[in-house]
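Along the sequence shown, the residues carry numbers beginning at 1.
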Amino acid sequence: MKYTSKCIFNLSVFLFFSFIVKAQEQSQDTTPVKTERYGIRMGVDAFRLGRTTFDKNYKGLELVADYRLTKNYYLAGEIGNENYTKNDDRINFSTKGFYFKIGFDYNLYENWLDMENTVYIGLRYGVSTMSQTVNSYRVYNTNPYFGEAPVTISGEKFDGLSAQWAEVVLGMKAELFSNLYAGFSVRFNRLFSNQKPKEFDNLYIPGFNRTYDGNFGVGFNYTITYFVPIYKKRIAKTKSKP
């Protein structure tokens with residue numbers, strides 16, 4: 001009888017300490033649950049607004065937005081319009097049109113605490129519809145003996161033009177105040193479709209910016225956006241055992 005009682009006591013002690021050790025292992029293996037917010041961030045390109053105010057030859061507006069799909073991927077896009085007049089040495093022309101871009105961003109930055117900043121790389125597909133107006137031009141004279149040719153007033157307008165391009169985006173967004181973000185991005189563009197007017201070229205494409213060597217362009221924007229949270233995800237991070 002004594003032997004049986006001793007065995008039961010020893011078994012009870014073993015089970016008790018096994019439970020304690022298991023509970024300690026579980027408490028060491030997990031950290032407190034972290035909550036991540038998912039939602040949409042919307043705003044404007046502050047650079048285009050400022051340029052519209054101070055540059056009499058430019059009027060433009062761009063709206064921007066991104067929606068968080070996963071931990072690091074965001075659906076992103078821009079929509080806008082531009083009206084730009086360029087007075088060059090040989091030609092004065094005006095471009096007016098509408099554009100939109102759609103694509104995604106991948107966040108490369110690992111936030112700490114409750115920060116929600118992003119440093120990202122992304123891709124866009126862009127489409128622009130526009131009109132080009134040749135206001136005036138000067139014919140280049142290869143023989144300086146006869147002097148410069150006089151300026152020719154044209155006013156010829158080309159409607160129904162379009163362009164499509166791919167865009168690589170590098171940028172960042174930082175939270176200034178609660179849910180309010182400031183951002184900057186630079187874009188490297190490559191045209192793959194460009195409907196040109198007769199005997200003229202699309203020297204400036206709304207949303208694409210100025211064209212270089214025919215098919216390449218560079219653009220940028222400064223954004224002010226506001227984040228609207230829609231739902232949250234609870235994520236329990238586990239620590240690796242030694």
> Tell me, do Leu180 and Ile224 make a side-chain contact under 4.5 Å, heavy atoms counted?
Replying inline: yes

>> Test side chain to side chain contact (heavy atoms under 4.5 Å, CB included) on Asn92 and Thr85; report intermediate values, then the result.
In response: CA-CA 7 Å; Asn92 181 299; Thr85 297; 3.8 Å; yes

>> Please check: side-chain N/O of Asn189 versus main-chain N/O of Phe208, any donor-acceptor pairing under 3.5 Å?
In response: yes

> Which heavy-atom pair separates Ala163 from Leu191 by the least distance, and what is that distance?
Replying inline: CB-CD2, 4.0 Å

> Would you say Phe98 and Ile79 make side-chain contact, with heavy atoms under 4.5 Å?
Replying inline: yes

>> Would you compute the distance between atom CG of Asn221 and atom OG of Ser185 and round it to the nearest 0.5 angstrom?
In response: 3.5 Å

> Between Met42 and Ala65, what is the shortest heavy-atom contact and its length?
Replying inline: CG-CB, 4.2 Å

> For the side chain of Thr225 and the backbone of Arg41, is there at least one donor-acceptor N/O pair under 3.5 Å apart?
Replying inline: no

> How about Thr211 and Ile205: do any of their side-chain heavy atoms sit closer than 4.5 Å?
Replying inline: yes

> Is a side-chain donor or acceptor of Asn107 paired with a backbone partner of Val119 at a separation under 3.5 angstrom?
Replying inline: yes

>> Please report whether the ring centroid of Tyr73 lies less than 6.0 Å from that of Tyr106.
In response: yes

> So how far is it from Leu161 CG to Lys96 NZ, rounded to the nearest 0.5 Å?
Replying inline: 14.0 Å

>> By the definition ring pair (Phe, Tyr, Trp, His ring centres under 6.0 Å), identify the one residue from Tyr231, Phe227, Tyr67 that meets it with Tyr38.
In response: Tyr231

> Are Tyr120 and Tyr74 close enough that their ring centres sit under 6.0 Å apart?
Replying inline: no

> Between Arg68 and Arg37, is there a donor-acceptor pair closer than 3.5 Å when you use the side chain of the first and the backbone of the second?
Replying inline: yes

> Are any non-hydrogen side-chain atoms of Asn202 and Pro197 less than 4.5 angstrom apart?
Replying inline: yes

>> Assigning hydrophobic clusters by single linkage (Ile, Leu, Val, Met, Phe, Trp, Tyr; side-chain heavy-atom cutoff under 4.5 Å), is Val127 placed with Ile102?
In response: yes

>> In the structure I gave you, are the side-chain heavy atoms of Phe158 and Lys196 within less than 4.5 Å of one another anywhere?
In response: no

> Could you go step by step and tell me if Asn194 and Asp201 meet the side chain to side chain contact (heavy atoms under 4.5 Å, CB included) rule?
Replying inline: CA-CA 9 Å; Asn194 184 14; Asp201 200 353; 4.2 Å; yes

> Distance from Gln195 atom CD to Thr129 atom OG1, nearest 0.5 Å?
Replying inline: 10.5 Å

>> Any salt bridge linking Glu78 with Arg187? Criterion: basic side-chain nitrogen under 4.0 Å from a carboxylate oxygen.
In response: yes

> Taking all non-hydrogen atoms of both residues, which atom of Gly103 and which atom of Leu75 are closest, and how far apart?
Replying inline: O-CD1, 3.4 Å

> Has the side chain of Arg48 got a donor or acceptor atom that lies under 3.5 Å from a matching backbone atom of Gly50?
Replying inline: no

> Mind checking whether Phe54 and Leu61 sit in one hydrophobic cluster, side chains of I, L, V, M, F, W, Y counted as touching below 4.5 Å?
Replying inline: no

>> Using 0.5 Å steps for rounding, measure from the CG atom of Asn179 to the CD atom of Glu116.
In response: 7.5 Å

>> Quick one: does any side-chain atom of Thr52 pair with a main-chain N or O of Gly60 as donor and acceptor, under 3.5 Å?
In response: yes

>> Does atom CZ (Phe192) have a neighbourhood of more than 12 heavy atoms from anything else shown, all under 6.0 Å?
In response: yes

>> Taking side-chain hydrogen bond (donor to acceptor under 3.5 Å, both in side chains) as the criterion, tell me which of Lys86, Arg210, Glu82, Gln132 meets it with Thr95.
In response: Gln132

>> Whether the Asn135 and Ser94 side chains hold a donor-acceptor pair (N or O, under 3.5 Å, no angle test) is what I'd like checked.
In response: yes

> If we only count heavy atoms from C-beta on, is the Arg51 to Tyr84 side-chain gap below 4.5 Å?
Replying inline: yes

>> Show, in sequence, the C-alpha distance, side-chain angles and deciding distance for Val168 and Leu123, and conclude whether the side chain to side chain contact (heavy atoms under 4.5 Å, CB included) test is met.
In response: CA-CA 5 Å; Val168 177; Leu123 290 174; 3.9 Å; yes

> Do the side chains of Leu63 and Tyr226 join up, straight or via other hydrophobic residues, at under 4.5 Å, putting them in one cluster?
Replying inline: yes

> Can Asp105 and Arg124 be counted as an ion pair, charged N to O under 4.0 angstrom?
Replying inline: yes

>> Quick one: does any side-chain atom of Lys101 pair with a main-chain N or O of Gly207 as donor and acceptor, under 3.5 Å?
In response: yes

>> Please verify the inter-ring angle class for Phe47 with Tyr222; under 30° counts as parallel, over 60° as perpendicular, anything in between as tilted.
In response: tilted

> When you check the side-chain N and O atoms of Asn57 and Asn87, is any donor under 3.5 Å from an acceptor?
Replying inline: no

>> Walk me through whether Asn117 and Glu175 qualify under side chain to side chain contact (heavy atoms under 4.5 Å, CB included).
In response: CA-CA 6 Å; Asn117 301 325; Glu175 189 171 17; 3.7 Å; yes

